[in-house]
Amino acid sequence: MSTLLTCENVTKRFGGLLAVDNASLTVEAGSITGLIGPNGAGKTTLFTMISGFAEPTSGRVMFEGRDITALPAHIRAAQGIARTFQIVQPFAGLSVHENIAVGAYLRHAGRTEAMDKAEAVAREVGLDAMLAQPAGALTVAGRKRLELARALATEPRLLLLDEVLAGLNPSEIRDMIPVLQAIRSRGVTILIVEHVMQAVMQLCDTVYVLAQGRMIASGAPGEVAHDQGVVEAYLGHGAARKMQAHHEAKS
Amino acid sequence: MLKLDIFLSALANGLLTGAVYALIALGLTLIYGVLHIINFAHGATLTLAMFAVFVMHSAFKIDPYIAIFMLTPLFFGVGYLLQRLVINPASHGDDSNILLVTLGLSIIFENGLLAIFRSDTRSIDVPYGFDVIEVGNLFLSTPKVIAFVAAFAVAAALWLLLARTDTGKAIRAVAKEKTGAALCGMDVEHIYAVTFGLGTACLAIAACLLMPTFLVNPRIGNAFVLVAFTIVVLGGMGSIGGALAGGLIIGVVESLSGLYFGESLGQIGIFLIFLIVLLFRPTGLFGAKA
Amino acid sequence: MRTGLPVSLVIVVALLAALPLAFTANTMLNFLTFVMIVTLAAQGWNLLAGFGGQFSFGHAAFFGMGAYAMAILQVRYGINAWLALPLAMALGAVVGFFLGFLSFRAQLRGSYFALVTLAFAEVFRILANASSFTNGAAGILVPLKTSAADFQFADRRWFYWVALAFVALVLALTYHISRTRFGAHLVAVRENEEAARALGVDAFRTKLKAITLSGAITATAGCLYTQKFLYIDANLAFGPWISVEALLAPIIGGMGTVLGPLAGAMMLLGLGEVTKSLFAMLLGGSIPGVDLVVFGVLLILCVAFAPQGVMGAIKRFSSRGAP
Ligand SMILES: Nc1ncnc2c1ncn2[C@@H]1O[C@H](COP(=O)(O)OP(=O)(O)OP(=O)(O)O)[C@@H](O)[C@H]1O
Ligand SMILES: [Mg+2]
């Protein structure tokens with residue numbers, strides 16, 4: 001496997017707050033890589049720096065071996081990086097079809113081609129029944145799918161998904177997982193931020209853990225889930241020891 | 001020596017006028033700071049107030065300084081009702097809608113006045129209109145000095161109101177955290193309307209202070225609205241201190257550019273400042289958030 | 001334009017072209033021509049604000065540039081009117097580009113952009129009123145040369161048809177844009193600039209392109225104004241009246257629709273005439289400003305109750321679902 005994306009010692013400071021603190025990660029081409037961590041860890045902030053919506057205070061972002069740290073967002077999209085927004089950002093006044101077409105226009109200059117591409121993507125993520133609806137009228141699940149569809153329509157090589165499963169009920173999550181797997185099997189690399197652990201375990205080849213801006217662990221999902229530091233980051237100091245004790249007492 | 005005198009007198013005049021500009025801008029910045037909306041009708045409302053002063057004086061012989069005490073509460077009410085009954089319900093909480101609704105109001109005020117009073121320029125004749133106070137070599141117009149002092153007094157009163165009273169506390173709470181304030185049981189709509197009323201009341205006072213030395217015609221608000229916006233942008237949106245400083249600066253700029261470039265180009269300096277501040281430093285000189 | 005123009009546009013233009021055959025009175029022709037001029041200015045505004053979401057309060061800046069360029073090129077430099085026209089349009093485009101470059105580079109949005117455009121228009125107005133190049137407050141009189149070769153027509157109908165031709169061209173252009181990538185980018189920027197950028201839209205370029213086109217279109221309206229009235233001064237060219245009408249017509253007719261500016265200008269100016277004559281009849285003399293008071297009320301009512309204007313309301317009723 002070759003490396004598609006690298007973040008090297010990326011730091012983002014908001015005034016006195018270190019939102020991302022010297023974080024590094026690599027995403028292998030063709031993989032689904034997870035980025036997890038408690039609320040406020042800096043996951044979305046790291047995404048905004050990878051997608052070009054904010055410049056890091058220090059550090060570099062490399063895509064396909066090139067330094068893209070200073071490139072604006074729309075150029076990165078053209079180079080093959082697409083993102084979804086954790087807080088969905090539909091073009092509320094446009095139809096679902098037109099929403100997706102905006103993404104499709106990136107690689108298809110003509111209207112017919114773009115609209116056809118949009119329709120194909122809608123079918124892939126299961127939005128084809130709602131093409132003519134105004135985007136503002138979609139349910140939460142629908143909006144999450146629309147975020148995904150628009151990003152996919154840009155035909156990215158790297159797809160950045162920021163909590164696309166949040167707010168979905170278990171059966172909706174179950175429906176989405178094969179969709180994401182199918183996208184990956186088409187050769188699209190995915191970096192996914194997710195709180196739904198069951199999905200992370202099922203989808204990801206590698207997982208990175210961010211806590212208070214720092215990358216505290218990485219590895220296969222199974223290993224990371226049992227890492228003492230990770231458990232403490234999620235559940236508070238001493239939690240790992242307590243769990244251990246609990247386990248031992250039971251066995 | 002003569003040159004210096006002319007310069008100093010232009011400077012002093014600029015400062016005096018600038019204080020009234022500051023008062024006008026104060027109303028605008030207060031509304032912006034709390035409601036986060038730009039009231040485009042601010043200039044036209046000032047024109048309305050100036051015509052009110054004119055009518056009270058010419059029809060009922062009421063002195064403008066007495067009129068302050070009648071027009072201030074009246075315009076507070078006008079502002080309160082406008083916000084509550086027109087601007088808020090019509091704009092559905094959308095920023096560009098607010099801009100359009102207040103533009104609509106300014107068109108209505110301006111042309112309503114035009115229909116009633118025609119386009120003639122009017123002024124009022126008060127016995128003290130040409131009185132001067134001598135300070136060193138300078139002769140300062142008495143009504144302008146009164147306006148200067150009064151404008152600062154109003155600014156101080158407004159500051160006290162915001163800092164010390166319960167209403168002020170509520171206003172500041174709503175300005176900072178609208179949803180939080182609403183959750184605490186505050187009537188946000190009421191507070192908004194009160195703020196809008198206060199901003200409009202500032203205009204009534206400014207009109208009373210201006211009329212002894214200024215002319216009025218229905219279109220004069222256009223000039224004032226950009227002046228007021230320039231001051232607010234210069235001083236930083238929502239900042240009271242910024243509005244005062246910005247007002248004085250703009251008064252001086254206008255007066256000096258009038259002196260050096262002639263009357264007709266006097267206002268150009270103001271607009272250029274406006275454009276430069278917005279285009280090259282969108283946070284204003286005093287750094288408040290734009 | 002592979003899809004061709006929709007029948008509705010062709011029918012509307014054909015009907016408008018036939019109007020002078022039915023109404024021959026000079027006042028009617030003057031009114032219709034004026035409607036075309038305002039429509040053209042409004043079409044420029046609509047492209048930038050209706051489609052692109054960038055509300056300008058100062059389209060007089062472009063209108064006035066076109067009007068003054070048309071007058072000055074002819075009077076001062078002796079350039080033929082038909083040649084002055086494209087030059088004036090180009091100037092409108094340049095001013096649009098310049099204004100857009102400065103504002104969008106400074107990331108001005110919403111109210112700030114509106115105020116900056118207004119300030120530019122005011123600066124131009126003051127300069128035109130004071131400078132000897134523009135003949136100051138006296139304004140510029142274009143000499144009467146009644147011949148088609150000089151863009152002046154003995155028959156008023158011809159001027160109307162020429163103005164209508166420009167409106168028709170911009171209708172076709174707008175329709176075309178609404179079905180291209182540029183059009184899609186423009187509405188995407190209007191709806192949500194961040195999301196658009198994430199999808200590869202160069203928001204700065206898109207807005208810049210829109211304001212440049214918008215400037216050229218509205219400048220064309222100014223050119224026609226000069227040729228129609230053969231006189232221009234600072235308040236006519238750069239005054240707030242045209243900024244307001246350029247914005248009101250699309251808002252009333254339907255922002256971001258192809259026919260909105262035309263429908264809106266018709267209703268707006270028609271209503272203005274009715275109001276003026278009604279008041280004149282009731283009070284026995286013309287009252288300045290009453291029509292504008294009605295416009296102001298209309299603006300607020302539209303924002304409050306018909307956010308998509310009349311075309312939006314029609315669309316909602318006929319409700320063709322296809323995008
Ligand atoms: N634009 C900003 N200005 C100031 N602080 C910010 C900004 N964006 C994020 N932050 C802060 O940076 C920290 C990291 O936020 P971020 O949104 O990246 O976390 P996250 O890991 O995505 O959290 P969540 O799981 O809740 O989405 C938080 O403390 C947040 O308040
Ligand atoms: Mg997040």
Side-chain angles (χ1 to χ4, degrees), chain B residues 32 36-41 44 86-87 89-92 94-119 218-219 222-223 225-226 229-230 233 237 261-268 270-275 278-282 290, chain C residues 49 53-55 57 99 101-116 118-127 129-131 136-137 234-235 239-241 243-244 247-248 251 255 279 283 287-305 307:
Chain B
Y32 181 86
H36 308 290
I37 66 171
I38 285 193
N39 173 21
F40 200 77
V86 182
I87 300 171
S91 53
H92 313 295
D94 178 277
D95 276 1
S96 33
N97 282 349
I98 290 170
L99 202 62
L100 291 174
V101 170
T102 54
L103 172 70
L105 286 176
S106 84
I107 295 173
I108 294 171
F109 291 165
E110 183 181 316
N111 292 286
L113 289 170
L114 184 69
I116 299 168
F117 295 97
R118 303 301 158 96
S119 58
R219 303 228 179 274
N222 277 327
V225 81
L226 273 175
F229 279 122
T230 307
V233 164
M237 282 284 186
F261 306 125
E263 272 299 308
S264 58
L265 286 178
Q267 290 216 312
I268 281 255
I270 297 179
F271 297 140
L272 289 182
I273 289 186
F274 179 70
L275 290 175
L278 263 191
L279 294 175
F280 300 101
R281 253 217 84 181
Chain C
Q54 313 300 310
F55 280 68
F57 274 17
L99 216 152
F101 185 86
L102 289 177
S103 315
F104 299 140
R105 201 203 47 148
Q107 306 194 333
L108 297 184
R109 295 186 196 183
S111 330
Y112 291 95
F113 177 70
L115 289 171
V116 160
L118 176 67
F120 268 107
E122 277 295 291
V123 167
F124 293 158
R125 189 180 64 78
I126 295 173
L127 286 177
N129 206 38
S131 159
N235 287 320
W241 73 275
S243 296
V244 166
L247 134 182
L248 262 174
I251 289 175
M255 278 190 282
F279 268 84
L283 301 171
I287 314 249
V290 279
D291 49 337
L292 282 156
V293 172
V294 174
F295 293 177
V297 174
L298 210 57
L299 173 58
I300 296 176
L301 289 179
C302 267
V303 172
F305 301 112

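Residue numbers start from 1 in every chain, and the chains themselves are labelled A, B, ... in the order their sequence lines are given, proteins ahead of strands.
Atom CD1 of residue C/I287 and atom CG of residue B/N111 lie 12.5 Å apart, to the nearest 0.5 angstrom. For the atom pair B/D95 CG and C/F55 CZ, the distance stands at 11.0 Å (nearest 0.5 Å). Atom CZ of C/F124 is separated from atom CD1 of B/I268 by 9.5 Å, given to the nearest 0.5 angstrom. Note: C/E122 CD to B/F274 CZ = 11.0 Å, rounded to the nearest 0.5 Å. If you take CZ on B/F229 and CG on C/L118, they are separated by 9.0 Å, rounding to the nearest 0.5 Å.
When B/T102, B/L272, B/I98, B/L114 are compared by the number of non-hydrogen pairs under 4.5 Å with chain C, B/L114 comes out ahead. Contact count versus chain B (heavy atoms, under 4.5 Å) is highest, among C/V116, C/L115, C/L102, for C/L115. Of the listed residues (B/L100, B/I87, B/L105, B/I116), the greatest number of heavy-atom pairs within a distance under 4.5 Å of chain C belongs to B/L100. Between chain B and the residues C/V123, C/I251, C/V290, C/D291, the largest count of heavy-atom pairs under 4.5 Å involves C/V123.
When heavy atoms are compared at a cutoff of 4.5 Å, B/L99 approaches chain C by way of both its backbone and its side chain. For a residue to count as touching a neighbouring chain, one of its non-hydrogen atoms must lie under 4.5 Å from one of that chain's; by this rule C/V294 does not touch chain B. Proximity to chain C (any heavy atom under 4.5 Å) is restricted, for B/L275, to the side chain, taken from C-beta onward. Residue C/L301 does not touch chain B at all, counting heavy-atom pairs closer than 4.5 Å. For C/F279, no part lies near chain B; criterion is any non-hydrogen pair under 4.5 Å. For chain C, the nearby parts of B/N97 are the backbone and the side chain; heavy atoms of each come within less than 4.5 Å. For C/L298, no part sits under 4.5 Å from any heavy atom of chain B, backbone or side chain. Heavy atoms closer than 4.5 Å to chain C are found in the side chain of B/F40, but not in its backbone.
Of all heavy-atom pairs spanning C/I300 and B/A90, the tightest one is CG2-CB, 4.1 Å. Scanning both residues, B/S91 and C/V303, for their nearest heavy atoms gives CA-CG1, 4.5 Å.
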